[in-house]
Protein chains: 2
Amino acid sequence: MVEDKLKIAAKAKFMSYLEGKKLRKTPERFAILDKIYSTNDHFDIESLYLSLEEDSYHVSLATVYNTIDLLCECGLVRKHQFGNQQAQYEKVGATINHHHLICTECGKIKEVKDPEFLGYMNSKKYNAFTISYFTLYVYGICNNCLRKIKRSNASDKNKISHIK
Amino acid sequence: MVEDKLKIAAKAKFMSYLEGKKLRKTPERFAILDKIYSTNDHFDIESLYLSLEEDSYHVSLATVYNTIDLLCECGLVRKHQFGNQQAQYEKVGATINHHHLICTECGKIKEVKDPEFLGYMNSKKYNAFTISYFTLYVYGICNNCLRKIKRSNASDKNKISHIK
DNA sequence: TTTACTGCAAATATTTTGCAATATC
DNA sequence: GATATTGCAAAATATTTGCAGTAAA
């Protein structure tokens with residue numbers, strides 16, 4: 001399975017990162033990495049914590065925060081803050097070349113693959129700055145919400161024309 | 001002055017937004033808008049609040065939060081969450097076509113104008129989604145930090161070769 | 001006059017920190 | 001055995017909420 005290969009590669013990368021920094025390879029750290037690389041969705045700390053609890057694997061919240069930081073630092077996990085309070089995370093893997101469509105009405109986030117964009121960005125250079133990665137957030141209104149808005153506008157108009 | 005024109009236009013837009021939504025035109029709301037459109041930098045709620053206090057203009061934090069929300073909704077202010085806890089904001093104005101270079105070492109944020117990018121993005125369409133705007137965050141390492149890292153790597157090497 | 005808005009303080013939510021116990025190296 | 005890491009609880013931080021008083025329409 002492609003999934004498994006990715007996970008194995010991630011573990012290897014994490015391992016050599018920890019070794020390089022002379023940090024310890026605790027079971028908690030690898031359990032968290034494993035969990036993250038077993039799902040495809042965005043997640044927040046709370047839901048990651050709960051999903052580990054569901055597997056009867058207990059780690060403290062502090063450890064989840066600590067481990068996520070390490071994973072972000074070594075490039076295995078990406079942090080997002082889409083506008084709400086809690087940070088969202090996602091594994092860095094096959095879907096590296098995608099951006100996020102964020103509906104400003106309902107807050108839903110949709111991922112969109114766009115390999116062309118990656119090519120476009122790779123040609124870019126910035127003064128006095130070495131790029132490691134980038135994230136594009138596209139804000140707008142999803143069709144679902146657009147329909148709702150149109151409907152409510154229409155009924156507003158009816159109301160007004162009635163009053164007049 | 002270009003600056004003043006932008007501010008006047010912003011006030012007019014806010015006014016008609018408030019009227020359209022049947023919200024009240026309170027002095028607090030316009031004082032906050034005025035303050036925001038008098039500066040060019042990113043800011044957070046706390047610093048906006050303090051900068052109003054410095055002018056001996058007191059508004060409660062709750063009102064600042066409330067007003068910023070309105071300004072975001074009507075497209076006069078943009079909210080960013082660059083990875084730290086508190087949200088950053090910026091006025092939407094002349095510099096609409098820029099992105100943000102974020103140094104993952106020191107956290108400093110640099111704005112970069114890139115009109116070409118705007119053109120590229122305007123040609124983009126996404127399924128079942130109506131774009132209102134987008135933000136590109138470019139993460140990497142600024143030259144300042146790069147130099148520091150290189151220096152410390154070099155001294156690490158020296159240390160090791162000494163020990164050996 | 002009506003009721004939306006403000007200010008304040010308390011509540012909530014998220015993340016960070018201190019410290020004793022534990023487990024890795 | 002030395003010390004980095006964990007878990008827990010408390011602290012810190014950022015934002016939201018409830019409510020009584022005030023002011024815009």
Side-chain angles (χ1 to χ4, degrees), chain A residues 11 14-36 42-53 55-74 77-89 107 163, chain B residues 11 14-35 42-53 55-74 77-89 107:
Chain A
K11 274 183 200 170
F14 194 31
M15 206 160 267
S16 73
Y17 175 81
L18 293 174
E19 276 166 12
K21 292 237 167 184
K22 296 203 183 7
L23 301 172
R24 290 182 183 171
K25 304 187 204 87
T26 66
E28 288 84 358
R29 285 176 177 168
F30 284 94
I32 290 166
L33 174 65
D34 191 272
K35 190 79 214 172
I36 293 170
H42 293 122
F43 59 90
D44 54 51
I45 295 291
E46 189 68 16
S47 66
L48 175 57
Y49 170 83
L50 288 175
S51 125
L52 284 160
E53 289 288 307
D55 295 353
S56 309
Y57 192 91
H58 179 75
V59 264
S60 70
L61 262 176
T63 299
V64 180
Y65 275 105
N66 163 27
T67 303
I68 272 276
D69 276 356
L70 294 175
L71 292 170
C72 285
E73 274 164 34
C74 77
V77 167
R78 206 84 64 185
K79 182 178 184 180
H80 294 284
Q81 307 238 125
F82 292 119
N84 41 359
Q85 255 350 77
Q86 57 189 6
Q88 304 266 108
Y89 300 86
I163 292 163
Chain B
K11 274 184 200 168
F14 195 32
M15 206 162 269
S16 73
Y17 175 81
L18 294 174
E19 277 168 9
K21 291 238 170 185
K22 296 203 184 6
L23 301 171
R24 289 181 183 172
K25 305 187 203 85
T26 67
E28 287 85 358
R29 287 176 176 170
F30 284 95
I32 290 167
L33 174 65
D34 191 271
K35 191 79 213 174
H42 293 122
F43 58 90
D44 54 50
I45 295 290
E46 190 68 16
S47 66
L48 175 57
Y49 170 83
L50 289 174
S51 124
L52 284 159
E53 289 289 306
D55 296 354
S56 310
Y57 193 89
H58 177 75
V59 263
S60 70
L61 263 177
T63 299
V64 180
Y65 275 104
N66 164 27
T67 303
I68 273 277
D69 276 355
L70 293 175
L71 291 170
C72 285
E73 275 163 35
C74 78
V77 168
R78 210 78 95 200
K79 182 178 183 178
H80 295 283
Q81 305 240 129
F82 291 119
N84 40 1
Q85 255 349 77
Q86 56 190 6
Q88 304 266 107
Y89 300 85

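Naming: A, B, ... by sequence-line order, numbering from 1 per chain.
For the helix from C:dT1-D:dA25 to C:dC25-D:dG1, the axis fitted to the five pairs at one end and the axis fitted to the five pairs at the other end meet at an angle of 40° (nearest 10 degrees).
In this structure B:L50 satisfies the side-chain contact (heavy atoms from CB on, under 4.5 Å) test together with B:E46, sequence neighbours excluded. Listed by chain and residue number, B:K7, B:K11 satisfy the salt bridge (Lys or Arg N to Asp or Glu O under 4.0 Å) test with B:D34 (two or more places apart in sequence, or in another chain). Residues satisfying the salt bridge (Lys or Arg N to Asp or Glu O under 4.0 Å) criterion with A:E19, sequence neighbours excluded, are A:K25. A:T67 meets the side-chain hydrogen bond (donor to acceptor under 3.5 Å, both in side chains) test with no other residue; sequence neighbours excluded. Residues passing the side-chain contact (heavy atoms from CB on, under 4.5 Å) test with B:S60, sequence neighbours excluded: B:A62, B:T63. Listed by chain and residue number, nothing satisfies the ring-ring contact (aromatic ring centres under 6.0 Å, His included) test with B:Y17 (two or more places apart in sequence, or in another chain).
Of all heavy-atom pairs spanning A:E53 and A:V59, the tightest one is OE2-N, 4.1 Å.
Rounding to the nearest 0.5 Å gives a distance of 12.5 Å between CZ of A:R78 and CG of A:L71.
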In B/S/- notation (B base, S sugar-phosphate only, - none; protein heavy atoms under 4.0 Å), nucleotides 17-25 of chain D written 5' to 3' is B-----BBS
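Residue pairs that meet the side chain to side chain donor-acceptor pair (under 3.5 Å) test with at least one member in residues 80-89 of chain A, sequence neighbours left out, are A:D44-A:Q86, A:H80-A:E90, A:H80-A:Y137.
Residue-to-nucleotide proximity on DNA chain C shows that, of A:K79 and B:T63, the 5′-proximal contact is made by B:T63. Nearest-nucleotide mapping onto DNA chain D: of B:Y65 and A:L61, the residue sitting toward the 5' end is A:L61.
On the nucleic acid side, DNA chain C has its first and last nucleotide under 4.0 Å of a heavy atom of chain A at C:dT14 to C:dC25, going 5' to 3'.
Looking only at distances, no side-chain donor or acceptor of B:K79 sits under 3.5 Å from a matching main-chain atom of B:A87.
In this structure, B:N66 reaches the sugar-phosphate backbone alone: every heavy-atom distance under 4.0 Å involves primed, P, OP1 or OP2 atoms, never a base.
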